[in-house]
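Each residue takes its place number in the sequence, starting with 1.
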Amino acid sequence: MKTIIKIASGFLLTHILTGCATDQLHAVLAYLPTPSAAVGDSVHGESIFREGAGNAPPCISCHQITTGGFTFGIGPNLADIAQVATARVTGMDAAAYIHQSIVDPGAYLVPGFRNIMYPHFAQDLSVQEIEDLVAFLMAPGGE
Ligand code: HEC
């Protein structure tokens, strides 16, 4: 299923791009938001967060997303990640930082934590699923 989506979106993009002259191509590329063009669905993002998808383990197995109470977790509590992420890496906005944290967890290590986050989300999740997770974590309060 994921492969079908990837092939379909790849085909669509190629199809759109081959129809464009170079300057139009640049206009299209400039218009695309970074890090990807997919628009996240936070409701689907929450379901991936809680239940995983395909081979990808649920994020909740390591991350809590509620504030207050007993908040031990293998990874940092992500209740305030939309806010926290704005200040993690200079020059990287919150969405870009969260995206990087999912696809390349070792790129920035949260102080006090080791590099033990599941490293294969970039392969196990589709571009759309990653955007859905980012949209979910960008929602105020995490949930
Ligand atoms: C096996 C445990 C584990 C799983 C599963 C896991 N994480 Fe993590 N995550 C960690 C650890 C440990 C860190 C802190 C070390 C680091 O920065 O990589 C972290 C860091 C993060 C950060 C940065 C937090 C901050 O305060 O800057 C984000 C965002 C994040 N994870 C999102 C996710 C999402 C989304 C998923 C599910 C797709 C997920 N993680 C799955 C363990 C995990």
Side-chain angles (χ1 to χ4, degrees), residues 1-20 22 25-143:
M1 183 60 187
K2 262 180 279 172
T3 320
I4 294 170
I5 294 171
K6 274 184 201 147
I7 292 168
S9 54
F11 173 77
L12 198 64
L13 199 62
T14 317
H15 193 67
I16 293 168
L17 296 182
T18 46
C20 295
T22 313
L25 181 63
H26 284 294
V28 170
L29 292 177
Y31 174 77
L32 296 176
T34 48
S36 100
V39 176
D41 170 354
S42 65
V43 174
H44 190 228
E46 176 164 14
S47 112
I48 300 167
F49 195 95
R50 293 183 183 282
E51 284 144 39
N55 291 332
C59 316
I60 198 108
S61 56
C62 294
H63 292 286
Q64 305 219 357
I65 40 165
T66 45
T67 41
F70 180 64
T71 59
F72 173 79
I74 294 167
N77 188 313
L78 298 180
D80 299 322
I81 189 62
Q83 183 58 40
V84 169
T86 59
R88 278 289 190 224
V89 177
T90 311
M92 203 177 252
D93 69 17
Y97 172 74
I98 293 172
H99 187 275
Q100 174 187 273
S101 300
I102 298 169
V103 299
D104 187 9
Y108 171 89
L109 282 189
V110 178
F113 289 89
R114 289 183 301 133
N115 189 13
I116 54 164
M117 179 159 153
Y118 180 75
H120 303 303
F121 287 118
Q123 293 84 52
D124 291 351
L125 299 173
S126 67
V127 168
Q128 181 64 54
E129 287 169 328
I130 292 167
E131 287 312 308
D132 294 348
L133 280 164
V134 172
F136 169 61
L137 291 172
M138 287 293 288
E143 65 170 3

Mind checking whether D132 and S42 have side chains closer than 4.5 Å, heavy atoms only? no

To check you understand the geometry: which heavy-atom pair defines the closest contact between G40 and Q128, and what is its length? CA-NE2, 4.1 Å

Tell me if a side-chain donor or acceptor on D93 pairs with a main-chain N or O of A96 at a distance below 3.5 Å. yes

Mind checking whether E46 and R50 have side chains closer than 4.5 Å, heavy atoms only? yes

Specify the closest pair of heavy atoms between I65 and L78, including all atoms of both residues, with the distance to one decimal. CG2-CB, 3.9 Å

Given 3.5 Å as the limit, does a donor-acceptor pair link the side chain of Q64 with the main chain of G75, or not? no

Check for a donor-acceptor pair, side chain of S126 on one end and backbone N or O of E129 on the other, with a separation under 3.5 Å. yes

Where is the tightest heavy-atom contact between P76 and H63, given as atom of each residue plus distance? O-ND1, 2.7 Å

Pairs involving residues 111-120, ordered by first then second residue, that meet side-chain hydrogen bond (donor to acceptor under 3.5 Å, both in side chains) (sequence neighbours left out): Y118-D124, H120-Q123

Please answer whether the main-chain N or O of V134 pairs with a side-chain N or O of H99 as donor and acceptor at a distance below 3.5 Å. no

When every non-hydrogen atom of I102 is compared with those of F121, the smallest separation belongs to O-CB, 3.7 Å

Closest non-hydrogen atoms of A79 and T67, given as atom of the first, atom of the second and distance, are CB-CG2, 3.4 Å

Can you check whether F136 reaches D41 side chain to side chain, under 4.5 Å on heavy atoms? no

Could you pull out the closest heavy-atom pair between M138 and A95, with the gap in Å? SD-N, 3.8 Å

